[in-house]
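First up is the structure itself, then whatever we jot down about it.
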Amino acid sequence: MYLSHLSLPTCTRSAALFQGKLVQNSSTASKERGVGMFIRRRYMRTVCLTKVPRNANLEKLQNGYLFPEISRHEFEHVQKYPNVKLISLGVGDTTEPIPDIITLDMAAHSRALSTVGGYRGYGAEQGNKELRKAIAETLYPDVHIKDTEVFVSDGAQCDISRIQLLLGPNVTMAVQDPSFPGYVDTSVIMGRSGNFQEENGKYGKIEYMKCGPENNFFPDLSNTPRTDIIFFISPNNPTGYAASRDQLEKLVKFAKKNGSIIIYDSAYAAYISDDSPRSIFEIPGAREVAIEISSFSKFAGFTGVRLGWTVVPEELEFSNGFPVINDFNRVVCTCFNGASSIAQAGGLACLSPEGYKGIRGVIDFYKENMKILLETFQSLGLKVYGGKNAPYIWVHFPGSSSWDVFAKILEKTHIITIPGTGFGPNGEEYIRVSAFGNRNSILEASERLTNLLK
(Lines give C-alpha, C1' and ligand atoms only; values in the text may rest on other atoms or scores of the structure.)
Protein backbone atom coordinates (compact mmCIF):
# COMPACT_ATOMS: atom_id res chain seq x y z
CA MET A 1 0.00 0.00 0.00
CA TYR A 2 1.34 3.45 -0.89
CA LEU A 3 1.19 4.58 2.76
CA SER A 4 3.33 1.71 4.00
CA HIS A 5 6.60 3.59 3.58
CA LEU A 6 5.62 6.09 6.30
CA SER A 7 7.68 5.52 9.43
CA LEU A 8 6.90 8.46 11.70
CA PRO A 9 7.96 8.34 15.37
CA THR A 10 5.42 7.04 17.86
CA CYS A 11 4.81 8.03 21.47
CA THR A 12 5.35 5.68 24.36
CA ARG A 13 1.64 5.80 25.03
CA SER A 14 -0.28 5.58 21.76
CA ALA A 15 -2.96 8.19 21.23
CA ALA A 16 -4.77 5.57 19.20
CA LEU A 17 -5.85 4.01 22.47
CA PHE A 18 -7.48 7.24 23.67
CA GLN A 19 -10.84 6.31 25.18
CA GLY A 20 -10.65 2.99 23.31
CA LYS A 21 -11.90 4.66 20.12
CA LEU A 22 -10.79 4.80 16.50
CA VAL A 23 -8.90 1.48 16.72
CA GLN A 24 -11.76 -0.99 16.70
CA ASN A 25 -12.00 -2.99 13.48
CA SER A 26 -14.98 -4.99 12.32
CA SER A 27 -14.84 -8.02 10.10
CA THR A 28 -17.77 -6.59 8.20
CA ALA A 29 -16.23 -3.17 7.69
CA SER A 30 -15.80 -2.08 4.10
CA LYS A 31 -12.38 -1.83 2.54
CA GLU A 32 -12.81 1.95 2.34
CA ARG A 33 -13.55 2.19 6.04
CA GLY A 34 -10.67 -0.18 6.78
CA VAL A 35 -8.23 2.04 4.89
CA GLY A 36 -9.61 5.09 6.70
CA MET A 37 -9.17 3.40 10.06
CA PHE A 38 -5.61 2.43 9.12
CA ILE A 39 -4.76 6.01 8.22
CA ARG A 40 -6.27 7.26 11.45
CA ARG A 41 -4.42 4.65 13.51
CA ARG A 42 -1.12 5.53 11.85
CA TYR A 43 -1.78 9.24 12.30
CA MET A 44 -2.99 8.94 15.89
CA ARG A 45 0.12 7.00 16.90
CA THR A 46 2.24 10.00 15.91
CA VAL A 47 0.45 12.32 18.35
CA CYS A 48 2.23 12.70 21.70
CA LEU A 49 -0.04 13.35 24.66
CA THR A 50 1.10 15.62 27.46
CA LYS A 51 0.14 15.03 31.07
CA VAL A 52 -1.69 18.37 31.20
CA PRO A 53 -5.47 18.04 31.59
CA ARG A 54 -7.77 20.09 29.42
CA ASN A 55 -9.45 23.08 31.07
CA ALA A 56 -12.68 21.52 32.31
CA ASN A 57 -14.55 24.78 31.82
CA LEU A 58 -13.75 24.83 28.10
CA GLU A 59 -15.17 21.32 27.86
CA LYS A 60 -18.52 22.75 28.98
CA LEU A 61 -18.83 25.11 26.01
CA GLN A 62 -21.48 24.04 23.53
CA ASN A 63 -20.28 23.62 19.92
CA GLY A 64 -18.26 26.50 18.53
CA TYR A 65 -18.67 30.16 19.34
CA LEU A 66 -21.73 31.38 17.42
CA PHE A 67 -20.18 33.71 14.86
CA PRO A 68 -17.27 31.47 13.75
CA GLU A 69 -19.89 28.70 13.50
CA ILE A 70 -21.92 30.87 11.12
CA SER A 71 -18.75 31.58 9.14
CA ARG A 72 -18.22 27.83 8.82
CA HIS A 73 -21.70 27.41 7.34
CA GLU A 74 -20.99 30.29 5.00
CA PHE A 75 -17.74 28.69 3.81
CA GLU A 76 -19.41 25.34 3.22
CA HIS A 77 -22.22 26.98 1.26
CA VAL A 78 -19.75 28.80 -0.98
CA GLN A 79 -17.96 25.51 -1.62
CA LYS A 80 -21.28 23.91 -2.57
CA TYR A 81 -22.44 26.84 -4.74
CA PRO A 82 -19.26 28.52 -6.02
CA ASN A 83 -21.03 30.53 -8.72
CA VAL A 84 -23.81 32.16 -6.70
CA LYS A 85 -23.71 35.58 -5.08
CA LEU A 86 -23.87 35.03 -1.34
CA ILE A 87 -25.37 37.93 0.63
CA SER A 88 -24.44 38.15 4.29
CA LEU A 89 -27.05 39.58 6.65
CA GLY A 90 -25.58 37.53 9.46
CA VAL A 91 -22.50 38.44 11.47
CA GLY A 92 -22.86 42.13 12.27
CA ASP A 93 -19.81 43.39 10.43
CA THR A 94 -19.88 46.90 9.05
CA THR A 95 -19.48 47.33 5.31
CA GLU A 96 -19.32 51.05 4.51
CA PRO A 97 -15.99 52.90 4.26
CA ILE A 98 -14.79 54.92 7.23
CA PRO A 99 -14.99 58.66 6.42
CA ASP A 100 -11.66 59.84 5.06
CA ILE A 101 -11.38 62.67 7.57
CA ILE A 102 -10.83 59.90 10.13
CA THR A 103 -8.54 57.63 8.11
CA LEU A 104 -6.39 60.60 7.06
CA ASP A 105 -5.64 61.30 10.72
CA MET A 106 -4.79 57.64 11.24
CA ALA A 107 -2.52 57.70 8.20
CA ALA A 108 -0.79 60.87 9.39
CA HIS A 109 -0.18 59.32 12.80
CA SER A 110 1.15 56.15 11.17
CA ARG A 111 3.46 58.15 8.88
CA ALA A 112 4.76 60.16 11.83
CA LEU A 113 5.98 56.97 13.45
CA SER A 114 8.66 56.91 10.73
CA THR A 115 10.11 60.19 11.99
CA VAL A 116 12.26 60.96 15.00
CA GLY A 117 9.86 63.57 16.28
CA GLY A 118 6.71 61.55 15.67
CA TYR A 119 7.75 58.14 16.92
CA ARG A 120 5.95 56.85 20.01
CA GLY A 121 6.31 53.53 21.81
CA TYR A 122 4.19 52.22 24.64
CA GLY A 123 1.35 54.46 25.72
CA ALA A 124 -0.68 54.44 28.90
CA GLU A 125 -2.53 51.16 29.39
CA GLN A 126 -5.67 53.13 30.23
CA GLY A 127 -5.51 54.98 26.92
CA ASN A 128 -4.47 58.30 25.45
CA LYS A 129 -5.50 60.97 27.96
CA GLU A 130 -6.76 63.22 25.17
CA LEU A 131 -8.99 60.44 23.83
CA ARG A 132 -10.29 59.56 27.29
CA LYS A 133 -11.24 63.19 27.77
CA ALA A 134 -12.92 63.35 24.34
CA ILE A 135 -15.00 60.23 25.09
CA ALA A 136 -16.12 61.65 28.44
CA GLU A 137 -16.99 65.08 27.07
CA THR A 138 -18.48 64.10 23.69
CA LEU A 139 -20.34 60.88 24.49
CA TYR A 140 -21.27 61.57 28.14
CA PRO A 141 -21.87 65.33 28.09
CA ASP A 142 -24.64 65.45 30.69
CA VAL A 143 -23.72 62.66 33.11
CA HIS A 144 -20.40 63.99 34.45
CA ILE A 145 -18.12 61.10 33.56
CA LYS A 146 -14.48 61.90 34.39
CA ASP A 147 -11.75 61.12 31.90
CA THR A 148 -9.99 59.09 34.61
CA GLU A 149 -13.05 56.80 34.74
CA VAL A 150 -12.70 55.96 31.02
CA PHE A 151 -10.46 53.04 30.02
CA VAL A 152 -9.70 52.82 26.30
CA SER A 153 -9.39 49.29 24.93
CA ASP A 154 -9.12 47.19 21.78
CA GLY A 155 -12.86 46.54 21.72
CA ALA A 156 -15.88 45.82 23.88
CA GLN A 157 -15.61 42.05 23.51
CA CYS A 158 -12.08 42.10 24.91
CA ASP A 159 -13.27 44.23 27.81
CA ILE A 160 -15.99 41.69 28.60
CA SER A 161 -13.22 39.16 29.24
CA ARG A 162 -11.24 41.63 31.35
CA ILE A 163 -14.31 42.32 33.45
CA GLN A 164 -14.73 38.58 33.93
CA LEU A 165 -11.17 38.48 35.28
CA LEU A 166 -11.97 41.45 37.51
CA LEU A 167 -14.98 39.71 39.05
CA GLY A 168 -13.54 36.20 39.32
CA PRO A 169 -15.19 32.77 39.23
CA ASN A 170 -17.25 32.88 42.41
CA VAL A 171 -19.86 35.53 41.63
CA THR A 172 -23.38 34.65 40.51
CA MET A 173 -24.72 36.17 37.31
CA ALA A 174 -27.85 36.93 35.31
CA VAL A 175 -28.14 37.60 31.60
CA GLN A 176 -30.92 38.67 29.26
CA ASP A 177 -32.36 35.87 27.16
CA PRO A 178 -31.77 36.43 24.31
CA SER A 179 -28.59 38.51 24.26
CA PHE A 180 -25.02 38.61 22.96
CA PRO A 181 -23.48 35.13 23.51
CA GLY A 182 -20.12 36.44 24.70
CA TYR A 183 -21.44 37.08 28.20
CA VAL A 184 -22.41 33.45 28.75
CA ASP A 185 -19.43 31.87 26.99
CA THR A 186 -16.84 33.90 28.90
CA SER A 187 -18.68 33.06 32.13
CA VAL A 188 -18.46 29.38 31.25
CA ILE A 189 -14.71 29.70 30.71
CA MET A 190 -14.41 31.48 34.07
CA GLY A 191 -16.03 28.49 35.76
CA ARG A 192 -19.14 30.12 37.16
CA SER A 193 -21.79 28.64 34.84
CA GLY A 194 -22.39 25.14 36.13
CA ASN A 195 -23.17 22.35 33.67
CA PHE A 196 -25.12 22.71 30.46
CA GLN A 197 -28.66 21.35 30.64
CA GLU A 198 -29.74 19.78 27.37
CA GLU A 199 -33.41 19.80 28.31
CA ASN A 200 -33.70 23.60 28.44
CA GLY A 201 -30.57 24.85 26.66
CA LYS A 202 -29.29 26.66 29.75
CA TYR A 203 -26.32 26.50 32.10
CA GLY A 204 -27.38 25.49 35.59
CA LYS A 205 -25.82 28.35 37.55
CA ILE A 206 -26.72 31.21 35.21
CA GLU A 207 -29.97 33.11 35.69
CA TYR A 208 -31.63 33.65 32.30
CA MET A 209 -33.90 36.72 32.30
CA LYS A 210 -36.52 36.13 29.63
CA CYS A 211 -36.91 39.19 27.40
CA GLY A 212 -39.48 38.87 24.63
CA PRO A 213 -42.45 40.69 23.14
CA GLU A 214 -44.70 39.28 25.85
CA ASN A 215 -42.88 41.37 28.49
CA ASN A 216 -41.84 44.29 26.28
CA PHE A 217 -38.31 42.87 26.01
CA PHE A 218 -37.57 43.64 29.66
CA PRO A 219 -37.22 41.04 32.42
CA ASP A 220 -39.79 40.55 35.12
CA LEU A 221 -37.59 41.74 37.99
CA SER A 222 -40.21 40.82 40.57
CA ASN A 223 -39.52 37.14 39.76
CA THR A 224 -35.77 37.47 39.12
CA PRO A 225 -33.55 36.04 41.86
CA ARG A 226 -30.70 38.13 43.22
CA THR A 227 -27.34 37.68 41.51
CA ASP A 228 -24.02 39.41 42.03
CA ILE A 229 -23.76 40.69 38.48
CA ILE A 230 -26.29 41.45 35.76
CA PHE A 231 -25.23 41.58 32.12
CA PHE A 232 -27.54 43.95 30.26
CA ILE A 233 -27.24 45.27 26.71
CA SER A 234 -29.31 48.15 25.35
CA PRO A 235 -30.05 48.49 22.51
CA ASN A 236 -30.23 44.74 22.66
CA ASN A 237 -28.36 42.43 20.35
CA PRO A 238 -30.19 40.53 18.81
CA THR A 239 -33.71 41.94 19.34
CA GLY A 240 -32.84 45.57 18.56
CA TYR A 241 -34.91 46.76 21.52
CA ALA A 242 -33.70 49.79 23.52
CA ALA A 243 -34.76 49.86 27.17
CA SER A 244 -36.85 52.87 28.17
CA ARG A 245 -35.88 55.27 30.92
CA ASP A 246 -38.51 53.79 33.20
CA GLN A 247 -37.20 50.28 32.61
CA LEU A 248 -33.61 51.26 33.34
CA GLU A 249 -34.69 53.08 36.48
CA LYS A 250 -36.27 49.81 37.63
CA LEU A 251 -33.07 47.93 36.78
CA VAL A 252 -30.87 50.33 38.76
CA LYS A 253 -33.28 50.22 41.70
CA PHE A 254 -33.24 46.41 41.55
CA ALA A 255 -29.42 46.35 41.53
CA LYS A 256 -29.19 48.78 44.46
CA LYS A 257 -31.70 46.78 46.50
CA ASN A 258 -29.76 43.54 45.92
CA GLY A 259 -26.25 44.97 46.06
CA SER A 260 -25.57 43.82 42.50
CA ILE A 261 -23.32 45.25 39.76
CA ILE A 262 -24.78 45.89 36.30
CA ILE A 263 -22.42 45.28 33.37
CA TYR A 264 -24.09 47.53 30.81
CA ASP A 265 -23.22 47.16 27.11
CA SER A 266 -24.05 50.28 25.07
CA ALA A 267 -22.29 49.26 21.84
CA TYR A 268 -25.32 50.26 19.71
CA ALA A 269 -26.28 53.48 21.50
CA ALA A 270 -25.47 55.60 18.43
CA TYR A 271 -28.39 53.96 16.58
CA ILE A 272 -31.05 55.03 19.08
CA SER A 273 -33.72 57.03 17.28
CA ASP A 274 -36.11 57.80 20.14
CA ASP A 275 -35.71 59.17 23.66
CA SER A 276 -34.36 55.92 25.16
CA PRO A 277 -31.25 56.48 27.32
CA ARG A 278 -27.95 56.09 25.52
CA SER A 279 -26.06 55.36 28.73
CA ILE A 280 -26.91 53.68 32.02
CA PHE A 281 -25.34 56.69 33.71
CA GLU A 282 -28.29 58.82 32.63
CA ILE A 283 -30.16 57.01 35.40
CA PRO A 284 -29.78 58.47 38.93
CA GLY A 285 -27.85 56.13 41.20
CA ALA A 286 -26.27 54.13 38.38
CA ARG A 287 -22.76 55.30 39.25
CA GLU A 288 -23.01 53.26 42.45
CA VAL A 289 -24.00 49.99 40.76
CA ALA A 290 -22.88 49.93 37.12
CA ILE A 291 -19.97 49.53 34.71
CA GLU A 292 -20.52 50.50 31.06
CA ILE A 293 -18.81 48.88 28.07
CA SER A 294 -18.93 50.42 24.60
CA SER A 295 -17.19 50.38 21.26
CA PHE A 296 -16.21 52.25 18.12
CA SER A 297 -16.95 49.11 16.05
CA LYS A 298 -20.57 49.72 15.03
CA PHE A 299 -20.45 53.40 15.95
CA ALA A 300 -17.60 54.28 13.57
CA GLY A 301 -17.03 51.19 11.43
CA PHE A 302 -13.98 50.17 13.48
CA THR A 303 -14.72 46.44 13.45
CA GLY A 304 -11.28 45.83 11.94
CA VAL A 305 -9.51 48.81 13.50
CA ARG A 306 -10.39 47.61 17.05
CA LEU A 307 -11.16 50.33 19.58
CA GLY A 308 -13.54 50.48 22.52
CA TRP A 309 -13.84 51.77 26.06
CA THR A 310 -15.17 50.93 29.50
CA VAL A 311 -16.39 53.39 32.14
CA VAL A 312 -15.88 52.44 35.80
CA PRO A 313 -17.24 55.11 38.18
CA GLU A 314 -15.28 56.04 41.28
CA GLU A 315 -18.36 55.47 43.47
CA LEU A 316 -18.65 51.77 42.58
CA GLU A 317 -17.32 49.62 45.42
CA PHE A 318 -17.02 45.96 46.34
CA SER A 319 -18.73 44.61 49.45
CA ASN A 320 -15.64 45.41 51.53
CA GLY A 321 -15.64 49.06 50.41
CA PHE A 322 -12.68 48.69 48.02
CA PRO A 323 -13.09 50.79 44.82
CA VAL A 324 -13.80 48.63 41.77
CA ILE A 325 -11.93 51.11 39.57
CA ASN A 326 -8.67 50.33 41.39
CA ASP A 327 -8.92 46.61 40.68
CA PHE A 328 -10.00 47.18 37.07
CA ASN A 329 -6.99 49.43 36.59
CA ARG A 330 -4.79 46.63 37.93
CA VAL A 331 -6.36 44.08 35.57
CA VAL A 332 -5.86 46.41 32.61
CA CYS A 333 -2.24 47.13 33.52
CA THR A 334 -1.53 43.42 34.02
CA CYS A 335 -3.31 42.00 30.94
CA PHE A 336 -3.09 44.78 28.38
CA ASN A 337 -0.46 47.09 26.90
CA GLY A 338 -2.94 49.65 25.62
CA ALA A 339 -4.86 50.10 22.39
CA SER A 340 -2.99 50.79 19.17
CA SER A 341 -1.89 54.42 18.99
CA ILE A 342 -3.04 54.47 15.35
CA ALA A 343 -6.52 53.27 16.32
CA GLN A 344 -6.64 55.87 19.10
CA ALA A 345 -5.73 58.61 16.62
CA GLY A 346 -8.73 57.44 14.61
CA GLY A 347 -10.89 57.52 17.72
CA LEU A 348 -9.94 61.13 18.36
CA ALA A 349 -10.78 62.02 14.77
CA CYS A 350 -14.19 60.31 15.15
CA LEU A 351 -15.02 62.61 18.05
CA SER A 352 -14.01 65.82 16.27
CA PRO A 353 -16.98 67.86 14.94
CA GLU A 354 -16.18 66.94 11.33
CA GLY A 355 -15.48 63.28 12.09
CA TYR A 356 -18.62 62.90 14.16
CA LYS A 357 -20.68 64.38 11.34
CA GLY A 358 -19.16 61.89 8.89
CA ILE A 359 -19.94 58.99 11.21
CA ARG A 360 -23.54 60.09 11.60
CA GLY A 361 -23.90 59.95 7.82
CA VAL A 362 -22.80 56.30 7.76
CA ILE A 363 -25.13 55.42 10.64
CA ASP A 364 -28.02 57.05 8.75
CA PHE A 365 -27.13 54.87 5.75
CA TYR A 366 -27.46 51.71 7.85
CA LYS A 367 -30.71 53.03 9.30
CA GLU A 368 -32.13 53.25 5.79
CA ASN A 369 -31.07 49.62 5.28
CA MET A 370 -32.94 48.77 8.47
CA LYS A 371 -36.07 50.43 7.13
CA ILE A 372 -35.90 48.49 3.85
CA LEU A 373 -35.53 45.13 5.59
CA LEU A 374 -38.16 45.92 8.21
CA GLU A 375 -40.72 46.84 5.56
CA THR A 376 -39.84 43.70 3.57
CA PHE A 377 -40.61 41.33 6.43
CA GLN A 378 -43.68 43.28 7.51
CA SER A 379 -45.07 43.13 3.96
CA LEU A 380 -44.84 39.34 4.19
CA GLY A 381 -47.09 39.31 7.24
CA LEU A 382 -44.34 38.28 9.67
CA LYS A 383 -43.97 39.56 13.22
CA VAL A 384 -40.86 41.71 13.20
CA TYR A 385 -39.08 43.54 16.01
CA GLY A 386 -36.10 45.88 16.09
CA GLY A 387 -35.06 47.88 13.06
CA LYS A 388 -35.42 51.20 14.88
CA ASN A 389 -32.80 51.60 17.62
CA ALA A 390 -30.24 49.00 16.53
CA PRO A 391 -29.02 47.65 13.18
CA TYR A 392 -30.81 44.33 13.64
CA ILE A 393 -34.20 42.90 12.65
CA TRP A 394 -35.65 40.15 14.87
CA VAL A 395 -38.06 38.03 12.84
CA HIS A 396 -40.51 35.49 14.28
CA PHE A 397 -41.28 32.17 12.56
CA PRO A 398 -43.83 30.56 14.92
CA GLY A 399 -43.44 26.83 15.44
CA SER A 400 -40.17 26.63 13.50
CA SER A 401 -36.66 25.75 14.60
CA SER A 402 -34.44 28.80 14.23
CA TRP A 403 -31.63 26.67 12.77
CA ASP A 404 -34.09 25.16 10.27
CA VAL A 405 -35.20 28.64 9.18
CA PHE A 406 -31.55 29.70 8.90
CA ALA A 407 -30.78 26.62 6.77
CA LYS A 408 -33.82 27.08 4.52
CA ILE A 409 -33.07 30.73 3.82
CA LEU A 410 -29.43 29.95 3.13
CA GLU A 411 -30.22 27.05 0.81
CA LYS A 412 -33.06 28.74 -1.08
CA THR A 413 -31.89 32.36 -1.25
CA HIS A 414 -28.12 32.19 -0.60
CA ILE A 415 -28.53 34.69 2.27
CA ILE A 416 -26.77 34.34 5.61
CA THR A 417 -28.83 35.18 8.71
CA ILE A 418 -28.33 34.16 12.37
CA PRO A 419 -30.50 31.54 14.13
CA GLY A 420 -32.08 32.99 17.25
CA THR A 421 -31.08 30.17 19.58
CA GLY A 422 -27.47 31.28 19.15
CA PHE A 423 -28.41 34.13 21.49
CA GLY A 424 -30.13 31.99 24.12
CA PRO A 425 -32.96 29.46 24.42
CA ASN A 426 -35.59 32.21 24.24
CA GLY A 427 -34.37 32.93 20.71
CA GLU A 428 -36.01 29.79 19.36
CA GLU A 429 -38.38 30.44 16.43
CA TYR A 430 -36.52 33.67 15.56
CA ILE A 431 -33.74 34.73 13.23
CA ARG A 432 -31.62 37.86 13.44
CA VAL A 433 -31.07 39.83 10.25
CA SER A 434 -28.31 42.44 10.08
CA ALA A 435 -28.77 45.77 8.32
CA PHE A 436 -25.06 46.07 7.58
CA GLY A 437 -24.43 45.81 3.85
CA ASN A 438 -24.19 47.87 0.70
CA ARG A 439 -27.49 49.15 -0.66
CA ASN A 440 -27.60 46.96 -3.75
CA SER A 441 -27.12 43.82 -1.63
CA ILE A 442 -29.85 44.91 0.78
CA LEU A 443 -32.27 45.51 -2.09
CA GLU A 444 -31.40 42.19 -3.73
CA ALA A 445 -31.77 40.37 -0.41
CA SER A 446 -35.17 41.97 0.03
CA GLU A 447 -36.25 40.67 -3.37
CA ARG A 448 -34.94 37.15 -2.74
CA LEU A 449 -36.64 36.95 0.67
CA THR A 450 -39.90 38.18 -0.78
CA ASN A 451 -39.83 35.52 -3.48
CA LEU A 452 -39.16 32.79 -0.90
CA LEU A 453 -41.54 33.81 1.87
CA LYS A 454 -44.49 35.36 0.03
Side-chain angles (χ1 to χ4, degrees), residues 61-74 77 87-93 174-185 188 196-203 206-219 231-243 265 267-268 298 370 373-374 376-378 380-413 415-436 445 449 452-453:
L61 289 171
Q62 298 301 299
N63 302 317
Y65 186 62
L66 174 62
F67 301 114
E69 186 72 7
I70 296 300
S71 296
R72 181 181 67 80
H73 282 276
E74 180 176 345
H77 190 78
I87 298 177
S88 179
L89 304 180
V91 176
D93 194 2
V175 64
Q176 291 159 288
D177 179 18
S179 71
F180 180 63
Y183 314 135
V184 168
D185 282 8
V188 174
F196 185 74
Q197 302 170 339
E198 293 284 352
E199 64 274 14
N200 60 17
K202 300 178 181 180
Y203 286 93
I206 294 178
E207 181 64 32
Y208 290 77
M209 304 184 298
K210 189 174 182 179
C211 296
E214 68 279 0
N215 59 358
N216 203 20
F217 294 98
F218 189 76
F231 281 97
F232 197 93
I233 177 171
S234 180
N236 180 273
N237 175 14
T239 67
Y241 183 82
D265 188 336
Y268 299 96
K298 311 301 167 54
M370 290 156 54
L373 291 170
L374 183 66
T376 296
F377 286 110
Q378 287 175 335
L380 295 167
L382 295 166
K383 283 285 188 180
V384 190
Y385 306 93
K388 178 180 179 182
N389 290 321
Y392 300 120
I393 315 294
W394 190 236
V395 190
H396 192 202
F397 290 84
S400 299
S401 157
S402 62
W403 275 102
D404 287 349
V405 175
F406 161 84
K408 178 181 178 181
I409 290 175
L410 178 58
E411 182 68 23
K412 300 296 185 180
T413 70
I415 295 173
I416 292 283
T417 59
I418 303 285
T421 49
F423 301 95
N426 201 42
E428 186 62 290
E429 300 185 354
Y430 289 86
I431 60 166
R432 191 198 76 176
V433 180
S434 167
F436 294 120
L449 290 165
L452 174 67
L453 301 172

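Computed from a predicted model, the values in this text were never measured in an experiment. In what follows, residues are counted from 1 in the order of the sequence shown.
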Among side-chain atoms of Glu428 and Ser402, is any donor-acceptor pair under 3.5 angstrom?
yes
Side-chain contact test, heavy atoms from C-beta onward, threshold under 4.5 Å: evaluate it for Pro419 versus Ile70 and give yes or no.
yes
Could you tell me how the ring of Phe67 sits relative to the ring of Phe180: parallel (under 30°), tilted (30 to 60°) or perpendicular (over 60°)?
parallel
To the nearest 0.5 Å, what is the distance between CZ on Phe218 and OG on Ser234?
9.5 Å
Among Thr239, Asn237, Thr417, whose side-chain hydrogen bond (donor to acceptor under 3.5 Å, both in side chains) with Arg432 holds?
Asn237
Determine whether Ser179 and Val175 make a side-chain contact, defined as any pair of heavy atoms from C-beta on separated by less than 4.5 Å.
yes
May I ask you to decide if Ala267's main-chain N or O and Asp265's side chain share a donor-acceptor pair within less than 3.5 Å?
yes
Atom pair OG1/CG of Thr376 and Leu453 - distance to nearest 0.5 Å
10.0 Å
Under the side chain to side chain contact (heavy atoms under 4.5 Å, CB included) rule, what do Phe436 and Tyr392 come out as? Steps first, then yes or no, please.
CA-CA 9 Å; Phe436 294 120; Tyr392 300 120; 4.1 Å; yes
Between Gln176 (side chain) and Ile233 (backbone), is there a donor-acceptor pair under 3.5 Å?
yes
Heavy atoms, side chains only, cut-off 4.5 Å: are Leu373 and Leu89 in contact?
yes
Would you name the heavy atoms of Lys210 and Asn215 that are closest together and state the gap between them?
O-ND2, 2.7 Å
Are Phe423 and Tyr430 an aromatic pair, judged by ring center distance below 6.0 Å?
no
Donor-acceptor pair, Lys298 side chain versus Pro391 backbone, under 3.5 Å?
no
Let me confirm one number: the OG-CG distance from Ser88 to Leu410, rounded to the nearest 0.5 Å.
10.0 Å
Keeping Asp185 on the side-chain end and Gly182 on the backbone end, is there a donor-acceptor pair under 3.5 Å?
no
Under a 4.5 Å cut-off applied to non-hydrogen side-chain atoms, are Leu452 and Lys408 in contact?
yes
To the nearest 0.5 Å, atom CE of Met370 lies from atom NZ of Lys388 at 10.0 Å
Distance col, row Tyr241:OH vs Asn389:CG, nearest 0.5 angstrom, shows 9.0 Å
Do the side chains of Phe217 and Asn236 get nearer than 4.5 Å, heavy atoms only?
no
Cut-off 3.5 Å, side chains only: do Tyr208 and Asn200 have a donor facing an acceptor?
no
Point-to-point distance, once rounded to the nearest 0.5 Å, from CZ of Phe377 to NZ of Lys383
15.5 Å
Asn426 and Cys211: side chain to side chain contact (heavy atoms under 4.5 Å, CB included), yes or no, with the steps?
CA-CA 8 Å; Asn426 201 42; Cys211 296; 5.5 Å; no
